[in-house]
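Counting starts at 1 for both ligands and their atoms, in listed order.
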Amino acid sequence: MAKVGFYKDENVVPLEMHKVRIVQKLTLPPLEQRLACIQGAGYNTFLLQNADVFLDMLTDSGVNAMSDQQQAAMMVADDSYAGSSTFTRLAAKLRDIFGMQHFLPAHQGRACEHILAKVFVAPGSVVPMNYHFTTTKAHITVQGGIVEELVVAEGLAVTSAEPFKGNMDCERLADCIQRYTPGKIAFVRVEAGTNLIGGQPFSLQNLRDVREVCDRFGVMLVMDASLLADNLHFVKTREEACRDMSIRDITRAMADCCDILYFSARKLGCARGGGICIRSEAHYRAMRGLVPLFEGFLTYGGMSVREMEAMTVGLEETMDADVISQGPQFIGFMVDELVKRGVPVITPAGGLGCHIDAMRFVDHIPQTQYPAGALAAALYIAGGIRGMERGTLSEQRAPDGSEPLASMELVRLALPRRVFTLSQVLFAVDRLEWLYKHRRLIGGLEWSEEPEILRFFFYGRLTPKGGWSEKLAHQFRKDFGDCL
Ligand SMILES: *Cc1c(COP(=O)(O)O)cnc(C)c1O
């Protein structure tokens, strides 16, 4: 990672090691329009039209900026159903980076999970993991399997100084395997840049310890590498023993611990698509038949050749410390600025995005009135910024109609890689600070239309209790005058 000095030490900011050559115009709709839009969207940020959004921080999936080299490679893609040289280039790049012989393409990350679960998970089998991801858990439970989450205790602490909150608790892992008997374990899964607990990494040492446990009991180790880029950056910058290793060496050392790794290329490699890298011929053969059935022929797996070319170049660019440091550095900057202003956030900063702790931000709103959902709606009103609720709204009701409360109430503000500038990040920080000052004006939400499943994701609509959004808008006009 390039180390650039600043003359005035106290003003150090992350510095972009790229320049912008294609831009997309943004508009910040005026307050009255934002109010109408969020009402029209039923206070559900998923239902906002992107044209009405100023900073879209909903997700990092499929919206990372591509490089000029990726765009150029897309123009020379070799389109053929079988034997495409585009596929040959991609498979060779993956072999070169991860050192695994075999590759199966799939249309995105969850498709890899579908194939893995179908082949390795049976009713009653168990998949121990550091933490689940939504689609992972769904595919495992659909096959009748059970997920056991064994992340270290610090992983679930909102504020912490632990640099590797995504680490697996290896003692609990060994206990878990013994409790179920090794024969019941489908595989052990480690998720790089653990998504749902704030993009938190595990260390290379922890991965090696997990491998040791797997070897002791003869079980397979699978890595979800979708958020590997962030995890690589954190290993390089936070793990003393890896300080002098190159990103390429760290990557290989991680892959060497695993039997299989899979990824969503909507994140890893800043493209689209996904795939599974496999060490053993037997595992490859066990999964191969499902690719033509569910994805597409073995040389494209549901992806376009252009996506595959962009992925090949994007994977190589992931080996560049300057490239992968941009996201985590910007997120780290945003988290630091919010902490300075007293706004409650998850610490330490992870990858993927900045996570606002709604439980502390709007501590006057009971969980049954969806504090994180309300805060996400309020932030759109305050600045046209779209985040994602990660709390009780994202949970399902129990079969008896009762509502399990989430263990954390977060608003995730994703920072798609190389998309936003530092001034846009500062704008978001400024509006969050204003909102925090007036947090008592924010009230709860209640359902007006509640879907039975995936209620936030689908077309669930809510209303603000006591009409708080109008009061918040009134305060905005008072403080910001006629500014947008
Ligand atoms: C996004 C993601 C997935 C799923 O990938 P898609 O391409 O969205 O299907 C799986 N695992 C993790 C850790 C992810 O972040």
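For atom 14 (C) of ligand 1, the closest heavy atom belonging to the protein is Lys267 NZ, 3.0 Å. Looking only at protein heavy atoms, the nearest one to atom 12 (C) of ligand 1 is Asp224 OD2, 3.3 Å. Ranking the protein heavy atoms by distance from atom 3 (C) of ligand 1 puts Phe133 CE2, 3.4 Å first. Annotation: atom 6 (P) of ligand 1 to nearest protein heavy atom, Gln108 NE2, 3.3 Å. From the protein, the heavy atom lying nearest to atom 8 (O) of ligand 1 is Arg110 NH2, 2.9 Å.
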Verdict with supporting geometry, Arg189 and Tyr131, side chain to side chain contact (heavy atoms under 4.5 Å, CB included) = CA-CA 9 Å; Arg189 171 180 176 274; Tyr131 207 73; over 6 Å; no

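At a 3.5 angstrom cut-off on N or O pairs, Gly109 counts as close to ligand 1. Between Thr135 and ligand 1, no N or O atom pair is found at a separation short of 3.5 Å.
In this pair, Phe87 and Phe103 present their aromatic rings parallel. The plane angle is below 30°, not in the 30 to 60° band. Note: Phe294 and His114 have perpendicular aromatic rings, judged against thresholds of 30 and 60 degrees for the angle between ring planes.
Remark: ligand 1 atoms within the under-4.0 Å shell around heavy atoms of Glu113 are 10 (C), 11 (N). Taking every non-hydrogen atom of Ser264 and a distance limit under 4.0 Å, the qualifying atoms of ligand 1 come out as 5 (O), 6 (P), 7 (O).
Taking a 6.0 Å sphere around CD1 of Ile22, one finds it holds 12 or fewer heavy atoms contributed by other residues, nucleotides or ligands. In this structure, Glu171 places its CD atom where only 12 or fewer heavy-atom neighbours from other residues, nucleotides or ligands lie under 6.0 Å away.
Here Arg266 has side-chain heavy atoms under 4.0 Å from ligand 1, and that is the only part of it that gets that close.
Side-chain contact annotation: Glu281 with Gln101, donor-acceptor N/O pair under 3.5 Å absent.
With Arg412 as the partner, the side chain to side chain contact (heavy atoms under 4.5 Å, CB included) test is satisfied by one option alone out of Leu58, Leu352, Ile346, Leu196: Leu352.
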